[in-house]
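The model shown is predicted, which means the values in this text are computed figures rather than measured ones. Residue numbers start from 1 in every chain, and the chains themselves are labelled A, B, ... in the order their sequence lines are given, proteins ahead of strands.
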Amino acid sequence: MLQQTQVKTVIPYWERWMRELPDIAALAAAPEQRVLKLWEGLGYYTRVRNLQKAAQQIVAEHAGQFPRDCDAVLALPGVGRYTAGAITSIAFNAPAPILDGNVIRVLTRLFDIRENPRDKPTNDLLWHLATQLVQAAFNFQPSTFNSQLLLSGPCSALNQSLMELGATLCTPQNAKCPQCPLRSHCAARREGRVDELPNLGPRAAATAREFHAFVVEQDGEFLVTQRPARGVNAGLWEFPNLEVTGATRPPPDSLKQLLQITARCEPLCEVKHTITRYHITQRVFRVRSAAAADGIPTDTRWLGLAELHALPFTSAHRRILRRLATGS
DNA sequence: TATACGTGGCG
DNA sequence: TCGCCAAGTAT
């Protein structure tokens, strides 16, 4: 859950998740729709499918016991170098390095590394520095006093401290350098370059795309279609929709029919969101004539409002559902 | 090796 | 309003 997602966002999801699926066996055995529902709104949906695969792999290959070996952890689906290091260092105090967005920021500033940390040589250097730091922590002999501050172990404490520093003081903007325990060691601060680092380079601009979506109601049920198994929001359910500008394929007749109807419909709302390459605007229309939906060729279902909430919708669609439920 | 993948919060 | 970024991974 924490991959590319802020702790604050994750907490309510994690609490609900742990109530519903309290252990590895429960996750491994759960229906995929239930697991997706618990993840609904968190984004990056392949993470949750990988997480369930990982649970099933642990049941099959590790007798249901979470592996302690770093290579076995790394072999789990959805677990990369960072997550394997985070788990084994934080949980087992293994001297495994971590490098996330926070640590990249802390280290590029601490050592005044001006190259783009996304470039391979610079990324290698940062992993090397993170390795040396956690090794030093592993060799550290705590005194009686500070051992009380290292209950989870020095490697665990070091890695969590690096991330926490980046999350609280060494922030992307308005870094709180006067409060930083490393201020006297920080090369970027000494050079007055804190605001210039990390140097991530420019981002590719997103292209605007516009869609019309149709909320088709019939006897208290709503028409939904399932997205393709690949690509954005793979396999999730949504209202039938059509790209209005820049469409690459001609719309099916039934959708064309819906599109013509939109001229007589009041827009329900407008939803905007951005993914890597596109700014997406969805104008959502309410269609009361169910006949308009006849013969829609894609995978479709009629579902009641309560059932709709049982499906893995994107948050944009959940906002619309709330409006439908409240009648506003 | 470079891209694509979601969403929400913040200045 | 808009751009940036977040406890990264898979392909």
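Heavy atoms from other residues, nucleotides or ligands lying under 6.0 Å from CH2 of A:W127 number more than 12.
Along DNA chain B, the nucleotide closest to A:N174 and the one closest to A:A234 are compared, and the more 5′ of them pairs with A:A234.
Looking at heavy-atom distances under 4.0 Å, A:Q173 makes no contact with the nucleic acid at all. At a threshold of 4.0 angstrom between heavy atoms, the contacts of A:V10 with the nucleic acid are absent. Among the atoms of the strands shown, none is found under 4.0 Å from any heavy atom of A:I98.
With distances taken from any side-chain atom of A:Q4 to the nucleotides B:dT7, C:dA6, C:dA7, the minimum falls on C:dA6. Considering only side-chain atoms of A:T83, the nucleotide from C:dT9, B:dT7, C:dA7 that sits closest is C:dT9. Distances from the side chain of A:N233 to the nucleotides B:dT7, C:dA10, C:dA7 place B:dT7 closest. With distances taken from any side-chain atom of A:Q3 to the nucleotides C:dT9, C:dC5, C:dA6, the minimum falls on C:dT9. In the set C:dA7, C:dC5, C:dG8, the nucleotide with an atom closest to the side chain of A:P172 is C:dC5. Checking C:dC5, C:dA7, C:dG3 against every side-chain atom of A:H279, the shortest atom distance belongs to C:dG3.
In this structure, A:L51 atom CG and C:dT9 atom P are separated by 13 Å, rounded to whole Å. Atom-to-atom, CG of A:L42 to P of B:dG9 comes out at 12 Å; the value is rounded to the nearest Å. The CD1-P distance, from A:I280 to B:dG6, rounds to 11 Å in whole Å. Rounded to whole Å, the distance from NZ on A:K53 to P on C:dT9 is 15 Å.
No cation-pi contact links A:R68 to A:F66, judged by a cut-off of 6.0 Å to the six-membered ring centre and 45° from its axis.
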> After noting the C-alpha distance and the side-chain angles of A:N102 and A:L162, does the key distance pass the side chain to side chain contact (heavy atoms under 4.5 Å, CB included) rule?
Replying inline: CA-CA 7 Å; A:N102 289 310; A:L162 286 174; over 6 Å; no
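Applying the 3.5 Å distance criterion, the base of C:dG8 shares no donor-acceptor pair with the side chain of A:T5. A donor-acceptor contact under 3.5 angstrom links the side-chain atoms of A:Y44 to the base of B:dG6.
In this model, the phosphate group of C:dA7 is not approached by any side-chain N or O of A:K8 to a distance below 4.0 Å at OP1 or OP2. An OP1 or OP2 oxygen of C:dA6 is reached within less than 4.0 angstrom by no side-chain nitrogen or oxygen of A:Q6.
Panel note: side chain A:R47, backbone A:M1; a donor-acceptor pair is recorded below 3.5 Å. Here the side chain of A:T5 pairs a donor or acceptor atom with the backbone of A:Q3 at under 3.5 angstrom. Judged purely by atom type and a 3.5 angstrom limit, A:E61 has no side-chain atom pairing as donor or acceptor with the backbone of A:A72.
Checking A:Q135 against A:T131 by side-chain atom types alone, no donor-acceptor pair falls below 3.5 Å.
Residues from residues 100-129 of chain A that place a heavy atom under 4.0 Å from any atom of DNA chain C, listed by number: A:D100, A:G101, A:N102, A:R105.
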